[in-house]
Amino acid sequence: VDELLSGTNSVERISASVAIIDYLFLRENIISVIATHDILIAEKEDKKCKCLYLEDTIVNNELKFNYKIKNGIIRSTNAIKMLESLGLPKQIITDANKNKDAFL
């Protein structure tokens with residue numbers, strides 16, 4: 001499952017995603033692979049599921065992965081770095097980073 005309920009409001013996306021994951025893993029015992037960029041979902045399910053991630057870097061304005069799977073929840077982010085690499089105004093990047101800190 002890739003990006004459960006992307007595009008929905010955050011409260012229902014998180015609550016429904018957790019319910020779906022709990023149903024698949026705990027109730028039905030179905031082996032599943034679920035991809036999400038939502039740290040709140042990963043943190044909520046971390047004790048029930050095995051969380052894995054790939055690290056990335058931006059090289060020459062391109063997102064690159066080393067494809068080495070690591071255990072845990074990734075704490076680095078890349079969306080704002082990607083916006084910066086696309087040449088968005090510095091004020092947007094500065095404000096986005098300030099806003100990000102408020103949400104973590």
Q: List the steps and the verdict of side chain to side chain contact (heavy atoms under 4.5 Å, CB included) for Arg75 and Ile39.
A: CA-CA 8 Å; Arg75 298 297 173 183; Ile39 293 172; 3.6 Å; yes

Q.
Using side chain to side chain contact (heavy atoms under 4.5 Å, CB included), reason through Glu45 and Val18 one step at a time and then give a plain yes or no.
A. CA-CA 7 Å; Glu45 296 300 289; Val18 167; 3.1 Å; yes

Q: Mind running salt bridge (Lys or Arg N to Asp or Glu O under 4.0 Å) on Lys48 and Asp22 for me, showing each step along the way?
A: CA-CA 8 Å; Lys48 303 170 199 167; Asp22 287 351; 3.1 Å; yes

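Applying the side chain to side chain donor-acceptor pair (under 3.5 Å) criterion to Glu84, with sequence neighbours excluded, gives no partner residue. Residues satisfying the side chain to side chain contact (heavy atoms under 4.5 Å, CB included) test with Glu62, not counting sequence neighbours, are Lys64.
Scanning all heavy atoms of the two residues, the minimum distance from Ile21 to Cys49 falls at CG2-SG, 3.6 Å. For the residue pair Asp46 and Cys51, the shortest heavy atom distance occurs at OD1-SG, 3.6 Å. The shortest non-hydrogen separation linking Leu5 to Glu12 is CD1-O, 4.2 Å.
Lys50 NZ to Asn71 CG: the interatomic distance, rounded to the nearest 0.5 Å, is 4.5 Å. The distance from the CG atom of Leu40 to the OG atom of Ser15 is 11.5 Å, given to the nearest 0.5 Å. Rounding to the nearest 0.5 angstrom, the gap separating the CD1 atom in Ile74 from the CG atom in Leu52 is 11.5 Å. Rounding to the nearest 0.5 Å gives a distance of 6.5 Å between CZ of Phe65 and CG of Leu54. To the nearest 0.5 Å, atoms CD1 (Ile69) and OH (Tyr53) are separated by 12.0 Å. One finds the CD1 atom of Ile41 at 5.5 Å from the CD1 atom of Ile14 (value rounded to the nearest 0.5 Å).
Counting heavy atoms of neighbouring residues, nucleotides and ligands inside a 6.0 Å radius, atom CG of Asn9 exceeds 12 of them.
Between His37 and Thr77, every side-chain heavy-atom pair lies at or beyond the 4.5 Å cut-off. The shortest side-chain heavy-atom distance between Phe25 and Ile20 does not fall under the 4.5 Å cut-off.
A salt bridge is defined here as a Lys NZ or Arg NE, NH1 or NH2 lying under 4.0 Å from an Asp or Glu carboxylate O, and Lys68 with Glu55 fails to meet this definition. Taking a cutoff of 4.0 Å between a charged side-chain nitrogen and a carboxylate oxygen, Arg13 and Asp38 qualify as a salt bridge.
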Check: residues 86-94 side-chain donor-acceptor pairs under 3.5 Å, at least two apart:
{"unit_1": "Gln91", "atom_1": "NE2", "unit_2": "Asp95", "atom_2": "OD1", "d": "2.8"}
{"unit_1": "Gln91", "atom_1": "NE2", "unit_2": "Asp95", "atom_2": "OD2", "d": "3.3"}
{"unit_1": "Thr94", "atom_1": "OG1", "unit_2": "Lys90", "atom_2": "O", "d": "3.0"}

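Of the possible polar contacts, one joining the Ser32 side chain to the Ile30 backbone as a donor-acceptor pair under 3.5 Å is found.
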